[in-house]
Protein chains: 2
Amino acid sequence: MTEPTQQCPIENTLKLISGKWKSVIIYMLLKHPTCRFNELQKLIPDCSRRMLSLQLKDLERDGLVVKKVYPVVPPKTEYSLTERGKSLKEVVEGMQKWGQA
Amino acid sequence: MTEPTQQCPIENTLKLISGKWKSVIIYMLLKHPTCRFNELQKLIPDCSRRMLSLQLKDLERDGLVVKKVYPVVPPKTEYSLTERGKSLKEVVEGMQKWGQA
DNA sequence: CCGTATCCGAGAAGATACTG
DNA sequence: CAGTATCTTCTCGGATACGG
């Protein structure tokens, strides 16, 4: 049984939350527990629609965010953090605090 | 004087410690307070010499790491964290712990 | 309203060889 | 030992336009 040289779980963590807007999205979803697509856009104006879409897709795939779609016209979706996503609170807020000081 | 819409210090933090190997380098320097170049290479075997050099240069420029050069033959250098670098302990260890769970 | 598709340029990172 | 130089490749992200 050769241990797979997993020298550093940091890389895994970083892979999930780096990407230009992921950490910011998570941070916003911590403060605004459920958000529609456009709300997120307004909260993060510098993030293009395309990027927001892509990053959310990644976050969803990685189990950090869930998307709820209401089958109505016009379309309505809501994004929120999963438990796994919420568990990043310490990390993300740690970065937030450090960035301020 | 228009305030630059600095909505999220997270981005600043992330800018300093993302980059493929930076957080790992910091983590290693937390555990091994001073390291020579080759020691770091051995600690992070997947990071090429070129990349290690570049990332260290960034970290140095950003005031997270200091390099001490001994004018001897063969060359000897030692890298260590600045106070600012050490202050990332919580953040980096937070990521490490989260990555394990 | 909530996205996707396509195209394109810049920068990140790998491979390899060389230097003080 | 501790890097740098050069070249190529690849990924990310911006701009723009379109679709259910």
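Scope of the values below: all heavy atoms of this structure, side chains included, with no hydrogens, waters or symmetry mates. Naming convention: chains lettered A, B, ... in sequence-line order (proteins, then strands); numbering from 1 in each chain.
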Closest non-hydrogen atom pair between B:Cys47 and B:Trp21, with its separation: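 That closest heavy-atom pairing would be SG-CD1, 3.4 Å.
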Along DNA chain C (nearest heavy atom to each residue), the more 5'-positioned of A:Arg50 and B:Gly19: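 Here A:Arg50 is the residue nearer the 5' end.
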What is the separation between atom [atom1] on [X] and atom [atom2] on [N], rounded to the nearest whole Å?
X: A:Lys22; N: D:dG13; atom1: NZ; atom2: C1'; result: 13 Å
X: A:Leu54; N: C:dT4; atom1: CG; atom2: C1'; result: 9 Å
X: B:Met51; N: D:dT9; atom1: CE; atom2: P; result: 17 Å
X: B:Leu52; N: D:dA2; atom1: CG; atom2: C1'; result: 10 Å
X: A:Lys42; N: C:dC2; atom1: NZ; atom2: C1'; result: 12 Å
X: A:Leu40; N: C:dC1; atom1: CG; atom2: C1'; result: 14 Å
X: A:Gln55; N: C:dC2; atom1: CD; atom2: P; result: 18 Å
X: B:Lys20; N: D:dT9; atom1: NZ; atom2: P; result: 18 Å

Picking from [options], which would you name as closest to the side chain of [X]?
X: A:Phe37; options: C:dC2, D:dG13, D:dG3; result: C:dC2
X: B:Arg49; options: D:dG14, D:dG3, C:dT4; result: D:dG3
X: B:Thr77; options: C:dC2, D:dG3, C:dA13; result: D:dG3

Sugar-phosphate only, base, or nothing, as touched by A:Arg36 at under 4.0 Å among non-hydrogen atoms: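 Sugar-phosphate contact only.
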Residues touching DNA chain C, which here means a heavy atom under 4.0 Å, drawn from residues 61-74 of chain A: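 Here the set is A:Lys67, A:Pro74.
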Approximate separation, where rounding is to 0.5 Å, of B:Arg36 CZ and B:Lys42 NZ: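 If I round to the nearest 0.5 Å, the distance is 9.0 Å.
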pair A:Leu29-A:Leu40: side-chain heavy atoms closer than 4.5 Å: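 Of all side-chain heavy-atom pairs linking A:Leu40 with A:Leu29, at least one is under 4.5 Å.
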Short side-chain N/O contact from [X] to OP1 or OP2 of [N], under 4.0 Å:
X: A:Lys57; N: C:dG3; value: no
X: A:Ser53; N: C:dT4; value: yes
X: B:Tyr79; N: D:dC1; value: no

Side chain to side chain contact (heavy atoms under 4.5 Å, CB included) assessment of B:Met95 paired with B:Ile17: CA-CA 11 Å; B:Met95 294 199 299; B:Ile17 67 174; 4.1 Å; yes
Note: A:Lys86-A:Glu83 ion pair, threshold 4.0 Å (strictly below):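 Answer for the salt bridge query: yes.
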Earlier contact from the 5' end, DNA chain D, for B:Leu56 and A:Pro75: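 With A:Pro75 and B:Leu56 compared, the 5'-side residue is B:Leu56.
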Residues that, via side-chain heavy atoms closer than 4.5 angstrom, fall in one hydrophobic cluster with B:Val66: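 Noted: B:Val66 shares its cluster with no other residue.
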Whether B:Thr82 side chain and B:Leu64 backbone form a donor-acceptor pair below 3.5 Å: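 Judged by distance alone, yes, a pair lies under 3.5 Å.
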